[in-house]
Every structure is written in structure tokens, then in C-alpha cells.
Chemist: 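Can you keep this structure in mind? I'll have questions shortly.
Only a predicted model underlies this, so the values are computations on that prediction, with no experimental measurement involved. When a ligand or atom number is given, it counts from 1 through the structure's own listing order.
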Amino acid sequence: MRTPFLLVTRSCKAIHRLQQSAFVSPVSALYRHQTNSVLRNSSTVSCKDDRSYYITTPIFYVNASPHLGHLYSAVIADCLHRYKLLQGFNSKFATGTDEHGLKIQQAAAAAGKDPLTFCTDVSERFKHLFNRCNISYTDYIRTTEQRHHQAVKHFWSVLWNKGLIYKGSYEGWYSTQDESFLTALQVGDAVDSSGNEIKVSLESGHKVEWMKEENYMFRLSAFRSQLLDWLKGNPRAIQPEMFYQVVLKWLQEDLPDLSVSRQRSRLQWGIPVPGDAEQTIYVWLDALVNYLTVAGYPDIHNQWWNVAHHIVGKDILKFHAVYWPAFLLGAGLPLPQTIYVHSHWTVGGKKMSKSLGNVVDPLERSKQFTTDGMRYFLLRQGVPDSDSDYTDDKAFKLLNAELADSLGGLLNRCTAPALNPAQVYTAFCPQSFPSEQGGRAVGEDYHMLEAVKNLPAVVEQHYESMHVYKALEAISACVRQTNGFVQRHAPWKLERIDITDQRWLDTIIHVSLECLRMYGTLLQPVVPEISDKLLSRLGVQPDERGLADVNFLPKIRGMDCPFEGRVLGSDTGVLFTRLENLDRDKQNPKKTKKAKK
Ligand code: ME8
């Protein structure tokens, strides 16, 4: 996490001098007309291709290996991307690595490698993790690529030519770890591990140092009212709402100009400022432009740029919700459609971070819990609005309860040869089901059917607002209800020689298979492998898995069911094998033995 180069205000104790050189032209009048038209274009209704969708993750620093928090952002984005594909959208999904800056320059030096080799090594680790976890990105961007250098230089030149960047000088606190300048109000006292008194960033806790240098400033202060207009006109631009409110509050405060370059003598590992070989473009400006690079900027980019959605952690909200839109307004480009913000994974109540050393290795855990298990856990337990604390034990319990026992158990019951010896999608008997006129359904069965019928709409609403955990909660509740339905009617107790019993048994299985088909279809964005296994077992073909095809229980409305009578797919084993928590079992051998019994 880092904060931007901030110009300290007069009330701050830090000394600063801003010497403006050759001020090109006043912004206000000149840009009001242009920004208003950009704002109009950025509204959620205008100027977008209704069948295109573009989703991004942050690009991750390569100073250390990926951790669970990085995977979390990628899994959320992957889920939305897959969901949009299921809805029939043409979806683009970008992730990648942020490879410039002092922090990376120093990490490469400490590793004794040249910066590019170092970046390539770590970037490959992110890619490997994402591939292993079925993150189906369509573009993996690295800021060291030529296409990105071109985009950043072009973007800079546009801002420069519009008089939005000017040369100044800065003196104040700097945190290399956060890659940020800080005001005196953002700095506090601390003692390091050797007992020395040091100054630290109050937000991140990282050490800061005093420095002074010439650099270029961006006229951020000129954009405050346009940013407020944008947010007031687009109340769903930043989600969840609590983060929208945070940004509104920031915009009501002072918004100083922003330093957007570093002296080349201090920072060589970055893109040089066009026309000034003594300066390097600030890593945040460089990094944010990655979203445009992937969209095709500076060449044809409208198809994607008009429908851009960003997933970000709350630590980098200001960069995405204040500085990035201001840069875009300055460059005359539309603003992102949505900035989805999520909170953090903590361990023992502390934010998981490379510098704190409390990271959970997602690669190791995805081997332990399986790829889909890891994805399911992150999306079921991760809550965008508040931090979630990670423990292995929670993962074991949740995955065993919901994937192995509840969902896996339901599939097992409906497809077990004992109940379904013909291995077919059994028939629904319209006379057996109704609660009156000889049918055997009860009130609770109708409640269950109603919940499952409404599930796609409920899930859609939660997926669209990035509350995936609520979608999974709703699916899980329905799975429990379907298990309750089977349990209530105990089909294993029916006398199959009696034709009415046999029809009722087939009907129970049919209803349960229809429920399972719904769950398998709706779970595809979250657990693609498990869903594939489940739907294949039900005999649902790949081209029958779109959201448009999910016509639940048509027989109850007197319509044909295309699946009825079909032979089930082959049995490829249990849906999700129960996990054994070996660590806990070692600590509590008695408890485990008892639990197993
Ligand atoms: O900030 N819990 O990169 P970064 C949940 N390169 N998510 C977490 C997390 C945690 N404990 N820790 C990190 C940068 N993340 C810049 C971004 S974008 C133009 C440049 C996730 O490697 C979360 O998405 O520090 C957070 O915003 C991001 O990783 C920060 O990753």
C-alpha cells in the first residue's frame, strides 16, 4: 500500500516549497467544457457497448511472492468475468504485475539480480499461482512491457500538452516501502528493532525519511468539483456504499496537487519523463495507466475503456477513486463504470502483508484445499465491507460442511445406484407432487421450490454488487433445503414395487436433480471444476450451462424438461473429498477419533 506524493498544506509542519515554472494555462475555464462532456460519457448509461465488459485487478508489486490477499482480488475478478461470460457478454479480464519504482529497484539489488530478471522471476510466480487457481485472465500485463511504456508516455504527453503538469520542488517525508510522500500529519514517532527513534507513516507503520527533490506536479486541485459531480451523478460508481461515502468525504477536504515524477538520480527503474531525461514518471501514474494499455490505448480502446470495472483493495482506494479519475478527466477519457472495493484478509487480527511476515501462502493452501476449495473459501468468507480473519480451521470446517457434506452428499443421494439403479434423469410425475389430490408434497417443499426458482435473480444481484459471499450463502441455504426435502420424504423407505411409490421416488429425485442443475450452473463462476463435475454427472452438456438455459423445473408448469429420461453422465468419483486437518488432528487425537466415529 502506498500513498501518493502529496504537496503538504500550509498548516503542516513539513517544509515545502513549490516553485512553479512556466505555468502553461489556467485549467478551470479551459477544461470545464471538456470535463463535462467526459463526465456525461462516464455515466453508466451512455456510450457503452452493451455486450462488452472489462474487469481488472490491481497489478501487484513484484518485490515479494504473492499471498492470499492477492489471490483474493484475482478470484473476485475471475468470478465476475466468468459470470459475465455466462450471461453472454464479451468479457475482457486483465491482471498482472507492477514492476517499476524504488522498492523494486532495491529488492532487485538486495537479491543480487538485474531488475528485469528479478521482475520476470516474481511475475512468473504470480502467473503460476493464477494459472493454478484457474484465474482465467485474458490479458496479463507487466509494466515493463513496451506497449505499456508507449501508453504511459502518450498519457503523460496529453496531460503535459494540456497544461496539467508543471515543474515544482518538494521537501518532506518519504516512505520507500509505500512509495509515497507524506505530510507531517501523516507521520508519527516509533522505535525500531535496534532501539533507535524513527519516524513512521501513521497509516502503514513503515519507516519514512526526510527528502527534498525537484519533480513534476499534477494539478489535482483543479479537479475537485468535477470529481464530486461524477460521484454525485453516479452513486454506484464506488461499491460497497461505505467506500463511496469515504471518497465523498475525502473530496470535501483539501485536495493538494500531486507529485508525479521522481529524480532520475534516485530512481532509475521506471519510465523516463518524455523530454526530461533527469526525471522518472512516478510509479503510481505509471501503474494506473496499465488499465488503458490493456484496453488498447493509445490506439483503438473505446470498446473496452467505455465498460471498465476495477476491483481494488481498500488500501488503494484513493489512488483509484480520486487520482485515477482526475488523471482520466485531465486526459479527456471516460471514467471507470465501477470501482469495486474489498476489505482485507487478516491473520490474528493484523493485515496480511509481506512486510509484517504473517502471509498465508496461497499456492500451498490451494494444494491442501484444492483449487476450487480455496476459491470457494475466499469468496464465501471474504466480506467486502469488513476485514476477514483467516484460519486454516475455518477453511476445513466450511469446505467439509458445504462442499463435501451438503452439496456432495446431495449429489451422491440422487445418483447413488441404490436409489437410481437405471442411472437416469428420472421423470417428474405431475400427479405425485401436488400437495392435494393424491400428491405428496408438503408446504415446506413449495417454499424450497420458490427459493430455488428465485435463486438466479438473487445470485445475479449479489454477483453484480461483488457480494459473492451473499450469493454463496443463498445457494448454500437452498442446498440445505433440498437436502431437507430428500430427508423429509426418505425415498429409500419407499416400496418400489408399488407404482405410485416408484413415481413419487422418481419425482423426488427429479426435483433434486433439477435443484442440483441450478446450483451447478450458478456456482460455475466460483468453483469451475466442481461445477463441471457436477453438471457432467447430471448429463448437462457444455452448451446447456448458460444462465439463459437455466429453466428450473419446467414440468411443474406443464412444460417439457429436456433432461428428463436422459442417461446420467459417468460417475467420476466424489464431488469434493472431505479434508482432514492433520495439524489439528495431531493436537487433538482423542477429539478426532471421536469425531470420526
Ligand atoms: O498496491 N487482503 O500492489 P500490492 C486482501 N501495485 N487483499 C489484499 C491484501 C490483504 N491482506 N493485501 C493485498 C499495489 N491485497 C500496487 C497496485 S494498481 C494500478 C497498483 C490485494 O502488491 C488488494 O487488492 O501491494 C490490494 O489493493 C492489492 O493486493 C495491493 O497489492
Side-chain angles (χ1 to χ4, degrees), residues 1-4 55-78 94-104 107 119 122-123 125-126 129-130 135 141-144 148 151-152 155 175-180 203-204 206 243 270 281-295 308 310-325 327-328 336 339-362 377-379 381-390 466:
M1 192 256 348
R2 61 189 169 205
T3 45
I55 183 97
T56 68
T57 70
I59 50 168
F60 304 108
Y61 284 132
V62 289
N63 62 315
S65 293
H67 62 67
L68 198 76
H70 299 128
L71 179 61
Y72 180 52
S73 306
V75 169
I76 296 176
D78 186 53
T95 189
T97 43
D98 187 354
E99 306 189 4
H100 291 135
L102 201 55
K103 182 158 75 165
I104 310 296
C119 291
V122 184
S123 184
R125 272 183 244 160
F126 275 91
L129 171 72
F130 293 163
I135 305 298
I141 170 114
R142 298 181 54 191
T143 53
T144 44
H148 180 65
V152 172
F155 191 80
S175 160
T176 302
Q177 196 58 35
D178 299 336
E179 294 285 18
S180 68
E203 198 180 336
S204 68
H206 292 134
F243 294 111
I281 295 177
Y282 174 40
V283 65
W284 262 107
L285 175 55
D286 170 345
L288 287 162
V289 173
N290 92 84
Y291 303 131
L292 280 173
T293 308
V294 171
H310 301 313
I311 302 278
V312 299
K314 66 179 182 181
D315 51 327
I316 55 176
L317 177 58
K318 204 175 244 174
F319 300 95
H320 285 81
V322 177
Y323 307 133
W324 182 223
F327 292 153
L328 288 167
I339 300 168
Y340 293 110
V341 191
H342 65 74
S343 298
H344 288 145
W345 282 95
T346 56
V347 174
K350 292 213 171 91
K351 185 192 167 198
M352 191 183 303
S353 80
K354 298 162 198 171
S355 45
L356 284 178
N358 61 348
V359 299
V360 174
D361 179 356
F377 174 74
L378 288 176
L379 292 174
Q381 288 283 304
V383 181
D385 312 62
S386 58
D387 290 350
S388 314
D389 204 51
Y390 178 86
M466 207 193 55

Chemist: Which is closest to atom 18 (S) of ligand 1 by heavy-atom distance: Tyr390, Tyr291, Phe319?
Modeler: Tyr291
Chemist: For ligand 1 and Gly313, I'd like to know whether there is a polar contact (N/O to N/O, distance under 3.5 Å).
Modeler: yes
Chemist: Do any nitrogen or oxygen atoms of His70 come within less than 3.5 Å of a nitrogen or oxygen of ligand 1?
Modeler: yes
Chemist: Check whether any side-chain N or O of Thr56 sits under 3.5 Å from a backbone N or O of Ala94 as a donor-acceptor pair, and report yes or no.
Modeler: no
Chemist: Give the numbers and elements of all ligand 1 atoms closer than 4.0 Å to a heavy atom of Pro58.
Modeler: 18 (S), 24 (O)
Chemist: For atom 10 (C) of ligand 1, which candidate among Gly69, Gly96, Ala64 provides the closest heavy atom?
Modeler: Gly69
Chemist: What about the rings of His320 and Phe243, do their centers lie closer together than 6.0 Å?
Modeler: no
Chemist: Rounded to the nearest 0.5 Å, what separates atom CD1 in Ile55 from atom OH in Tyr340?
Modeler: 6.5 Å
Chemist: Heavy atoms only: which of Glu99, His67, His320 lies closest to atom 12 (N) of ligand 1?
Modeler: His67
Chemist: Report the distance from atom CD1 of Ile339 to atom CZ of Phe319, rounding to the nearest 0.5 Å.
Modeler: 13.0 Å
Chemist: In ligand 1, which numbered atoms sit nearer than 4.0 Å to a non-hydrogen atom of Ser73?
Modeler: 21 (C), 23 (C), 24 (O)
Chemist: Give the atoms of ligand 1, by number and element, whose distance to some non-hydrogen atom of Asp98 is under 4.0 Å.
Modeler: 6 (N), 16 (C), 20 (C)
Chemist: Only heavy atoms of Ile316, strictly under 4.0 Å: list the atoms of ligand 1 that pass.
Modeler: 1 (O), 27 (O)
Chemist: Atom CD1 of Ile76 and atom OG1 of Thr57: how far apart are they, to the nearest 0.5 Å?
Modeler: 10.5 Å
Chemist: Would you call the rings of Tyr390 and Phe377 parallel, tilted or perpendicular, where under 30° means parallel and over 60° means perpendicular?
Modeler: perpendicular
Chemist: Testing the basics here: between Pro66 and Pro362, what is the closest heavy-atom pair and its distance to 0.1 Å?
Modeler: O-CD, 3.6 Å
Chemist: Consider every N or O of Tyr72 and every N or O of ligand 1, then say whether any pair is closer than 3.5 Å.
Modeler: no
Chemist: Tell me whether the rings of His342 and Tyr72 are parallel (<30°), tilted (30 to 60°) or perpendicular (>60°).
Modeler: perpendicular
Chemist: Against heavy atoms of Ala287, which atoms of ligand 1 measure under 4.0 Å?
Modeler: 19 (C)
Chemist: Can an N or O of Ile59 be found at a distance shorter than 3.5 Å from an N or O of ligand 1?
Modeler: yes
Chemist: To the nearest 0.5 Å, what is the distance between CG (Leu292) and NE2 (His148)?
Modeler: 9.5 Å
Chemist: Which atoms of ligand 1 sit under 4.0 Å from any heavy atom of Asp315?
Modeler: 26 (C), 27 (O), 30 (C)
